Amino acid sequence: MTSNLEVRIADLTRNDKGDLKGQDVTVKGYLAGKPDEPLDDGYNYPFIDEDMNGILVKSKKKLDDLEPGKWFDVHGKLDEDHQQEMHVTSETDISKSDAQQESPSHSRQFSSTVKKVVDGDTIHLGKAVLGTTKVRFVSIDTPETNYQGDSQGYYAEEATRQLQNLLPEGEDISIRVGDEAFDQYGRLLAIVLKKEQNINKEMIEIGMAVPYFIYPNLDNFEEYGDAVVRAKEAGRGLWNPDRPIDELPYEFRFNKRGGPNKHVGHFETKQYVDPEKWESIPIEYRVFFLKEKDAIDAGYKKNSETPGC
């Protein structure tokens with residue numbers, strides 16, 4: 001793909017640059033994460049500049065040779081509707097920059113507004129953060145409204161409704177990202193704050209979400225664990241003894257995929273079990289690992305029995 005215009009990522013965040021939509025451009029950016037799996041529209045590669053402005057580079061194919069933590073020159077076509085999204089066709093559209101600068105500054109909190117609540121743990125923003133308007137609430141999980149064409153029904157709808165009550169359209173919010181700002185799909189992971197209220201935690205408190213900690217994002221682990229214990233003891237939401245949920249959200253998804261695929265650790269004992277033994281770890285202590293090596297690197301020891309629960 002031939003580029004006819006060099007632009008800065010920061011320029012693409014400006015409203016007066018809307019005439020660039022659909023154009024072939026070149027940008028320079030730092031690869032902030034690398035997706036392992038695709039979403040419905042392909043693989044999302046997040047690039048940021050020195051000031052944490054971002055653009056989401058989208059590819060139908062997986063780009064195996066890209067190395068996170070490096071600066072690249074990216075040649076692609078800006079999306080017709082979303083100027084902070086760019087489409088590339090192959091790895092030949094992305095080349096490592098000759099000059100490798102320091103990694104971008106580590107600003108971790110951004111201001112935006114709520115454009116739309118998608119489901120119980122996903123929103124769209126009025127103003128893009130790190131190149132995307134789509135935010136997945138980090139370290140929580142809510143019932144699925146549409147996963148491979150299936151829904152978890154009542155609780156999926158109720159979690160969405162409760163989040164809409166907490167975050168009405170136009171609400172001013174803060175988006176706080178951790179050291180791992182993007183998940184294995186290239187989605188932005190964040191704590192969503194309304195004033196000082198942690199909405200991620202609030203969804204657990206009201207029984208509409210469960211903790212879902214995937215290493216290395218472990219901020220607020222004990223706090224969320226305490227919240228789910230309180231929700232269970234009070235019988236709120238998913239824990240209502242008269243209407244218990246059939247499957248936890250991540251259980252619903254992995255059953256659809258043919259079984260669990262993540263090793264699970266016990267946060268206190270620092271032991272971990274094979275994926276099929278995930279239920280042996282109490283919910284308030286569960287740490288999920290995308291790869292077994294991650295558990296070992298984190299200092300967890302394999303235990304084939306129920307680990308000190």
Side-chain angles (χ1 to χ4, degrees), residues 114 116-123 135-169 171 173 189-214 217-257 259-262 264-268 273 275-288 306-307 309:
V114 178
K116 179 184 178 181
V117 168
V118 178
D119 57 30
D121 54 27
T122 310
I123 62 173
V135 174
R136 171 68 164 81
F137 286 44
V138 69
S139 302
I140 72 167
D141 205 11
T142 63
E144 293 286 349
T145 57
N146 183 2
Y147 182 74
Q148 297 183 1
D150 286 338
S151 168
Q152 289 190 264
Y154 169 78
Y155 279 121
E157 296 169 4
E158 184 64 9
T160 303
R161 186 185 69 81
Q162 294 275 15
L163 187 58
Q164 288 170 335
N165 289 341
L166 288 166
L167 296 178
E169 183 180 336
E171 183 76 43
I173 55 174
L189 298 173
I191 295 172
V192 178
L193 302 170
K194 182 172 73 172
K195 295 185 172 61
E196 298 302 318
Q197 185 182 26
N198 181 334
I199 302 301
N200 302 45
K201 177 187 172 185
E202 183 62 20
M203 289 295 286
I204 299 174
E205 288 277 7
I206 63 178
M208 286 293 110
V210 296
Y212 187 40
F213 285 91
I214 300 178
N217 282 319
L218 300 181
D219 289 346
N220 304 304
F221 190 96
E222 285 118 330
E223 189 177 357
Y224 290 9
D226 291 343
V228 75
V229 169
R230 288 192 294 270
K232 289 178 68 175
E233 289 176 347
R236 291 192 288 265
L238 312 180
W239 313 112
N240 181 347
D242 296 325
R243 194 173 191 171
I245 193 167
D246 294 330
E247 298 170 300
L248 296 179
Y250 46 77
E251 181 182 10
F252 175 79
R253 291 194 301 274
F254 66 58
N255 283 338
K256 292 277 290 180
R257 295 194 301 261
N261 62 350
K262 297 181 180 69
V264 185
H266 190 296
F267 184 77
E268 286 197 345
V273 297
E276 64 271 15
K277 296 181 180 181
W278 65 275
E279 286 185 287
S280 68
I281 310 290
I283 190 170
E284 64 269 27
Y285 295 120
R286 286 175 194 157
V287 180
F288 291 85
T306 302
C309 301

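Only heavy atoms go into these numbers, but all of them, side chains included; no hydrogens, no water, no symmetry mates. In this chain, residues are counted from 1 in sequence order. Note that the structure is a prediction, hence the values are computed from the model and not measured.
With contacts defined as side-chain heavy-atom distances shorter than 4.5 Å, the pair Ser280/Val273 qualifies. Between Ile204 and Val210, every side-chain heavy-atom pair lies at or beyond the 4.5 Å cut-off. Considering only heavy atoms from C-beta on, Ile283 comes within 4.5 Å of Leu248 through its side chain. Between Lys277 and Val264, the closest side-chain pair of non-hydrogen atoms is not below 4.5 Å. Residues Tyr250 and Ile214 have side chains not in contact (no heavy-atom distance under 4.5 Å, counting atoms from C-beta outward). Side-chain contact between Asp150 and Glu144: absent, with no pair of heavy atoms (C-beta onward) separated by less than 4.5 Å. Taking 4.5 Å as the limit, every side-chain heavy atom of Lys201 sits out of range of all side-chain heavy atoms of Asn220. Side-chain contact between Glu202 and Leu166 is present, with at least one heavy-atom pair separated by less than 4.5 Å.
A salt bridge links Arg136 and Asp141; the closest N-O separation between the charged side-chain nitrogens and carboxylate oxygens is under 4.0 Å. Of the charged side-chain nitrogens involved, none lies within less than 4.0 Å of a carboxylate oxygen, so that Glu169 and Lys116 do not count as a salt-bridged pair.
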One pair to check against salt bridge (Lys or Arg N to Asp or Glu O under 4.0 Å): Glu158 and Arg161. What are the steps and the verdict? CA-CA 5 Å; Glu158 184 64 9; Arg161 186 185 69 81; 2.5 Å; yes

Could you walk me through whether Thr145 and Glu157 pass the side-chain contact (heavy atoms from CB on, under 4.5 Å) test, one step at a time? CA-CA 7 Å; Thr145 57; Glu157 296 169 4; 5.8 Å; no

Walk me through whether Tyr224 and Asn198 qualify under side chain to side chain donor-acceptor pair (under 3.5 Å). CA-CA 11 Å; Tyr224 290 9; Asn198 181 334; 3.1 Å; yes

Start with the C-alpha distance between Trp278 and Arg286, add both sets of side-chain angles, then the distance that settles side-chain contact (heavy atoms from CB on, under 4.5 Å), and finish with yes or no. CA-CA 8 Å; Trp278 65 275; Arg286 286 175 194 157; 3.4 Å; yes

Can you check side-chain contact (heavy atoms from CB on, under 4.5 Å) on Val118 and Ile123, steps first, answer last? CA-CA 5 Å; Val118 178; Ile123 62 173; 5.7 Å; no

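Under a 3.5 Å cut-off, the side chain of Asn200 and the backbone N or O of Ser139 do not form any donor-acceptor pair. For the pair Arg236 (side chain) and Ile206 (backbone), a donor-acceptor distance under 3.5 Å is absent. Side-chain atoms of Gln152 come within 3.5 Å of backbone N or O of Glu247 as a donor-acceptor pair. Side-chain atoms of Thr122 do not come within 3.5 Å of backbone N or O of Asp119 as any donor-acceptor pair. Of the possible donor and acceptor atoms, one in the side chain of Thr160 sits under 3.5 Å from a partner among the backbone N and O of Ala156.
For the atom pair CD of Gln162 and CD of Gln164, the computed distance is 10.0 Å after rounding to the nearest 0.5 Å.
When all heavy atoms are compared, the tightest approach of Asp121 to Leu163 is N-CD2, 4.2 Å. Among all heavy-atom pairs drawn from Met208 and Pro143, the shortest one is O-CD, 3.7 Å. Counting all heavy atoms, side chain and backbone alike, Glu276 lies closest to Pro260 at CA-CG, 3.7 Å. Between Pro282 and His266 the shortest heavy-atom distance is CD-CD2, 4.1 Å. Gln148 approaches Arg257 most closely through the heavy-atom pair NE2-CG, 4.2 Å. Here the closest non-hydrogen pair linking Gly237 and Tyr155 is O-OH, 2.9 Å.
Aromatic ring centres of Tyr212 and Phe288: separated by under 6.0 Å. Ring-centre distance between Phe267 and Phe221: below the 6.0 Å cut-off.
Cation-pi geometry between Arg243 and Tyr154 is met: under 6.0 angstrom from the ring centre, within 45 degrees of the axis.
Here the rule is side-chain contact (heavy atoms from CB on, under 4.5 Å) with Phe137, and of Leu189, Thr142, Ile199, Ile191 only Ile199 fits it.
The environment of Lys256 atom NZ is dense: over 12 non-hydrogen atoms of other residues, nucleotides or ligands sit within 6.0 angstrom.
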